[in-house]
Structures are given as structure tokens and as C-alpha cells.
2 protein chains.
Amino acid sequence: MVRKQTRSGKVRLTEVAKLAGVSPITASRFFRNPDALSLSKRERVESAVKELGYVPNLAARALASHRTEVIGVVIPSLTNSVFADVLRGVYDSSEGSRYSIQLANTRYSILQEERLLRLFRAQKPAGLIVTGINQTAESRAILESMNCPVTQIMEIGDSPVDMMVGFSHYDAAFAAISHILEQGYRRTGFLGARMDPRVQRRFDGYRDAMKAAFLFDPNLVVTTSMPTAVTLGGALFADLLAKAPDIDAVFCVNDDLALGVLFECQRRQISVPRDLAIVGFNDLEFMAAAVPSLTSVRTNRYEMGRHAVTMVIDAIEGRRPEQPVLDLGFQLMVRESSTPHGA
Amino acid sequence: MVRKQTRSGKVRLTEVAKLAGVSPITASRFFRNPDALSLSKRERVESAVKELGYVPNLAARALASHRTEVIGVVIPSLTNSVFADVLRGVYDSSEGSRYSIQLANTRYSILQEERLLRLFRAQKPAGLIVTGINQTAESRAILESMNCPVTQIMEIGDSPVDMMVGFSHYDAAFAAISHILEQGYRRTGFLGARMDPRVQRRFDGYRDAMKAAFLFDPNLVVTTSMPTAVTLGGALFADLLAKAPDIDAVFCVNDDLALGVLFECQRRQISVPRDLAIVGFNDLEFMAAAVPSLTSVRTNRYEMGRHAVTMVIDAIEGRRPEQPVLDLGFQLMVRESSTPHGA
DNA sequence: ACCATTATTGACAGCGCTACCATCGGATTG
DNA sequence: CAATCCGATGGTAGCGCTGTCAATAATGGT
């Protein structure tokens, strides 16, 4: 029975209303605000919807209501597995809700970001999730003019456009370096790739922690604007060794680099952690499996994605969080690669 | 000047038409089929669009035209970095086109896939990209009823719904095993996680290659339905060693497992490749960086994403490829982990 | 020069839904 | 019991765009 109607062509809301014996507008309300209907009508509409296999026409809905049920997500990279985790959280949270996700990729270009935001504005999204806090002035203006909830993710800062969920990269790096220093290492190198704003803040944390111990030395720092890669970790480490042969520890801005360093050490017969400590960032799954296991800073990427969507949806539906900035923190995962005397 | 109009509110096509001195429908045609306009009108409309900062209302367009410019992409996982690469290709190809991507995640459930396809049907996408060739009968029926170009990706098979781009997982695994056997290894184990259809076909390739050499032994096979992970690679390898202590090689269905095996070998002081050969699948970036470097089967994931989108867009616009099935092949990347006597 | 044919253009009528406001009955109040 | 209010429901009028088809201008062939 269902089948026949479905096949015969489109079922409109009018048909549903007719079958349920209500006006189209009442049937419409069934979807947008079911609580406003009396129980009897609600049931009749519901069964009519089921019987006819009605599927709302989203375009018509958007046109008539001047709203969409799309949440835009702007991230800088699809390659970086960090964002894969965030996206998993985003999609997990959006499933089951009425909202769908529209993804856009800036490739780490703030101009591209501006362009994408302009595109999004034309689509009138119900909410928006953007990465980081370093938007251009124009981008911020667009965001503020959009008149929809916005969540900035990955890091937190002082002047949210609207809401934020993230953590302090500075603090995380500072904590990692403090741990290294506590273990007795003095000459800790810094390896950085793709120096985006968040990586830059990790560097600041490194620098300040080292300076606080009067151990900062520019020769210990090797960075590149190239995108990160395991191979690159080995290469940067080789550069670092050339500049500062006496290093006894390396802080890598991400785990790929750290793995590359570990492999390079194996190649050069450098004993980890005896001759060299290695600390990474993000705590990807392989860090615990490596031999020796690699210390890292765990970041709650999946939760970031989940919360970002939840916060946006809540705000869309009028339930604004009392705390617009959510700090998800980080955990220092101390493992063999930085504990020469055991953990 | 642009600014004032933009800010003042919505600019509709009517306004553009008025400024250009043409009828609204002519202005509309400027977007859908500019070649149908005379040069003078085209130029007038174009400059009016620019001057007013006109942005089309997609909802109205979709409602009036009964079409959208959305390409649906259905993949089984966001975690698996294999799909991250595919998605990169997908997004790269779609940028610059008029089409936008709508992503959906089945979590390896063909029932979820069915549900998602039903959702997509309601949205009338312009094209669709789905993963694999193992859809349910119902899913196939939906796909066929959708009346839009469909590309199946990741693998190829005999009865495409419409188009296909992928490679033979069977052949790839067969080639990998042939290489291992050529190197003189006899007892090659098989490690498999998340035995989805494509992984199953890799197993078939392994099994047949081993059988052809009269070396197949069920004790050499360890699989699990758990999702893949580096740690899991180590665990599965431990199981395998327990079942068959005399193995001299391991074929892993993906690179994460292979890396886990390598680490486990380091832990157990098993020399690779002298005591054990390791071969992975996909050729993620770290495989070349590992010590020893790890042999793998390179699959062209980024290109798969790119081609899938290109093929779908071409088909939407009436340029159907003469060859609906595109085999992107694979490359065996022979490295230290499987060449005891040097490469 | 005339007619057939093709390139351009425009008028009209919706697409399917919801915003807005009006209505109506019943509960609440003094 | 009238006045008031509120919750539930319906009528009307578009949202901004494009499909369809008719009208017109331009072109070419004889």
C-alpha cells in the first residue's frame, strides 16, 4: 500500500493533510512544532505521513521559511587525521538531528576561508563551525553578519565570535616541555611543520617553558611550512641534529613527526629514551603501540566535533549554553620515549 | 557601491534583470545556459550581477527546477584514512564546479547505507557516489530509480549500477603474495581486521595465491571483525604466532596492521625481513619511512575520488564516458621488509 | 522579395511549503 | 455571567526561481 503511493509520484504535504483531515498548515506544524498540535491531530497526521510515505521537500521548506537545516563546517585540511577525528564527532552528533553537515576545506588559507564563508552566507545556514580563531577581519565580519550560531573549534581564545570549544595549545605544549625538563633533559629541540596558528602557539608554549628554565636556544628550533609527514619528521630531525648535535630530547608538534623521528633514531642507532627523548602531540593511536611507546599530548578531537555540533544545535533551538567557551583540555600521556628511568 | 546593495538585503534575480534591462527569465538563463544569450545581453546581465552582488537562491532554484546541484557521497567510514584520501580527491574535484558535496557515513552497515540512500533520493541529488559493489538489492533498486548518474568507487566488478572507478583487491593481494613467494618465503600468514567486502576479496587473493603454490593453510589466517588499529596489528600477530610459530611472512590487509606487526617484532626481537617479511596494503605515507621500510600495495585513492566526481559531473552534463568502468590499478611497492637479499 | 527556419526573448503560472494573522472554542477570572 | 486570555487551527499570500510555450527578430534559401 505504501509502495503504490510512493511510486505514483510525489506526495505533497497537502495530500497528507487531506488524508489526515486537517489543513496543510497543521500538517506543516506537525514537523516543526508537534507539541502545538492536539494529540488527536498529531496522531492522525503521523499515520497519514507514514501511510503515504511522505518526504518533505527541503527546497520548498527552505524557500518558504528563509532558513535551512544545514550546519556549515569549515576546516583547513582533509588530510590531517586530526580533522578526521573532529569530523567523526561532527557527523556522529549530527546524525539523528534534523540538521545536515556541509563541509568546506580552506587548505590552510584564510583567504579561501573568507571565500567559503561568503558562499555559506548565501546559503543561510542554520549554524556554522569554523576552525581556529585567526580569521581575517572580513571573515569575522561575515560571521557576525550571518545571524546564526557560530562555534570556533580546536582552540580557545579571548574574543569568541559566538561560542568556542577547544583547548589551549600553549598550555599543552608548556606542559609537555615541563614534563621533559622534569625528566632531566636539558637540550630539548622543537620540530614543527605546517606552522599554522595553532602550531605557532605550541611553539610559544615550548619557547616560554624553555625560557623559564633558562634553556631556550634558537638553535634547537627547526620548522618548515611544508605539510607534515612521517618522512618529514626524519628529515627535520636530521637538520636539527646537524644544528645541535648535543640535543637530548625532541618535542614534535604532531605525532607524525614524532614517528618519523623515532624511525630516524632507529636508523641512526640512537637509543630512545636513553640518548634522546621524543614527545609528540595529539596522541594518535600508533603512539602507544610504538617501540618504545611514544609520549604525547592527548587532545580530545572527537569530543570537540561532538560538542561543537551540539552547542550549535542547542543555540539554534534557543538553548544557548551559559558558558560560551568550552575548554576540553588535554592529557599528557607519559610513555617510554620520555622516561629514561621508568615511569 | 557593491557594499550598499549587499547590505541592504537580498538582491533577487528580478533586480538584476531590471538593472540589465532584460526579463527575469533571460537573467535566469544567464546562469543556466549563457550561450543561449546574445553577447550584448550576456554582458549586461553579467555586469548587473556583479554590480548588485547578486547571489542565487539555491532553494528557490531547486524548488522551481526540481533539481539540485548536490552530489551525494556515501562512504563506510570517516576514521579510516583511506577514505580521507578519497574525500580529498572528491572535494578537490568538486571545487570550481557548480556542484556541492553531501557526505554520508554508513559505518560499514549496508542497512544504514540503504537508509541513507533513501534520504538522498528525497533530496533528488544531481549525482551519487557510493562505496563498493555490495549494496543490498533494495539499495540497488533505489540507486537505479534515482535517475541520476551513479559511480561506485573503491573496487570494480561486473555489474555496475552505472559507472565504476576502482581496482581489483583480489589482484592486488594476489600480486602481493606472489611477490612474497618469489622472495622465498613459504609460510605467509594473513592478518585481517574489519572484514568488509573489499578486505574479503583481498583474502580471496591471498588464499588463491597460496593455494596455487600449494602453501595454503588455514592456521596461517587470523582475522577479526574489529576495526583496524596499529595496536590490533600487534595483537593479531601475537595470535598468529601462537597458532603458527613457524611463519616466515605476514600479509596485512592494511598498513596500520603492518605497522603494528613491525612494532611487535621489535618488541620480540624478531628480525625483519630476515626472520619475517611484512607486507601491508594501501601504502600510507609512513610505510616508506619505517625502519625497515615496509612493502605495501599502493592504491590510488586520491585519484579515485577525483575521477569519481569528474565522471559523475560529466555524466550529469551529458558527457557520459564511453568506458563506464575505470580500473585505476595498483602498484606493488617493494621495500626492505620483504626483500631479505636486497631489492 | 517571400517564406521557412532558427536564434532570442518574454509572459505566465506555478514548484511545495510556511509566515502571518485571523478565528474559534473553551478555560479562567472577578 | 461577561470579560479576558490562551491554545489550537485555518486562510491567504507569497518565498525566488524556472519550465513551458508563445512571440518576435534574424537568417537563409530560392
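Numbers restart at 1 for each chain; the letters A, B, ... are given by sequence-line order, proteins then strands.
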**Prompt:** Is there a donor-acceptor contact under 3.5 Å from the side chain of B:Ser93 to the main chain of B:Arg306?
**Reply:** yes
**Prompt:** Side chains of A:Ser28 and A:Arg32: donor-acceptor distance under 3.5 Å anywhere?
**Reply:** yes
**Message:** What is the distance, to the nearest angstrom, from the CG atom on A:Leu63 to the P atom on D:dT18?
**Reply:** 11 Å
**Request:** Give a yes/no on whether any side-chain N or O of B:Arg32 is located under 4.0 angstrom from OP1 or OP2 of D:dG19.
**Result:** yes
**Message:** I'd like to check B:Ile110 versus B:Glu114 (side-chain heavy atoms, cut-off strictly below 4.5 Å). Are they in contact?
**Reply:** no
**Message:** Base, sugar-phosphate or nothing for A:Arg42? Non-hydrogen atoms, less than 4.0 Å.
**Reply:** nothing
Anything under 3.5 Å between a donor and an acceptor, one on a side chain of residues 128-135 of chain A, the other on a protein residue two or more places apart or in another chain? List them.
from: A:Thr131; atom 1: OG1; to: A:Val74; atom 2: O; distance (Å): 2.8
from: A:Asn134; atom 1: OD1; to: A:Arg201; atom 2: NH2; distance (Å): 2.5
from: A:Gln135; atom 1: OE1; to: A:Gln152; atom 2: NE2; distance (Å): 3.1
from: A:Gln135; atom 1: NE2; to: A:Thr131; atom 2: O; distance (Å): 3.3
from: A:Gln135; atom 1: NE2; to: A:Gly132; atom 2: O; distance (Å): 3.0

**Prompt:** Over how many whole Å does the gap from B:Arg12 atom CZ to D:dC15 atom P extend?
**Reply:** 7 Å
**Prompt:** Would B:Phe31 and B:Tyr54 satisfy ring pair (Phe, Tyr, Trp, His ring centres under 6.0 Å), going step by step from the backbone distance to the final call?
**Reply:** CA-CA 12 Å; B:Phe31 290 100; B:Tyr54 170 74; 5.6 Å; yes
**Request:** Send over the distance from B:Leu13 CG to D:dT18 P, rounded to a whole Å.
**Result:** 6 Å
**Asked** Taking the side chain from A:Glu15 and the backbone from A:Arg12, do they hold a donor-acceptor pair closer than 3.5 Å?
**Response** yes
**Item:** Donor on one side chain, acceptor on other, B:Ser94 and B:Ser97, under 3.5 Å
**Value:** no
**Message:** Tell me the interatomic distance from B:Lys18, atom NZ, to D:dG16, atom C1', rounded to whole angstroms.
**Reply:** 13 Å
**Asked** Given that A:Asp35 and B:Arg61 both sit by DNA chain D, which one's nearest nucleotide is further toward the 5' end?
**Response** A:Asp35
**Prompt:** Is there side-chain contact between A:Met163 and A:Val325, with heavy atoms separated by less than 4.5 Å?
**Reply:** no
**Request:** For B:Val22 and B:Val45, work out which heavy atoms get closest and say how close.
**Result:** CG2-CG2, 4.0 Å
**Request:** Have a look at A:Tyr54 and say if it touches a base, only the backbone sugar-phosphate, or nothing, with a 4.0 Å heavy-atom cut-off.
**Result:** sugar-phosphate
Report each atom pair, protein N/O against N/O of nucleotides 9-12 of chain D, whose distance is under 3.5 angstrom.
from: D:dT9; atom 1: OP1; to: A:Ser38; atom 2: OG; distance (Å): 2.8
from: D:dT9; atom 1: OP2; to: A:Ser38; atom 2: N; distance (Å): 2.9
from: D:dG10; atom 1: OP2; to: A:Ser23; atom 2: N; distance (Å): 3.0
from: D:dG10; atom 1: OP2; to: A:Ser23; atom 2: OG; distance (Å): 3.0
from: D:dG10; atom 1: OP2; to: A:Thr26; atom 2: OG1; distance (Å): 2.5
from: D:dG10; atom 1: N7; to: A:Arg29; atom 2: NH2; distance (Å): 2.8

**Message:** For chain A and DNA chain C, what are the first and last nucleotides along the strand, 5' to 3', with at least one atom under 4.0 angstrom from a heavy atom of the protein chain?
**Reply:** C:dG16 to C:dA19
**Separation of atom CG in A:Asn33 from atom P in D:dG7, rounded to whole Å** = 12 Å
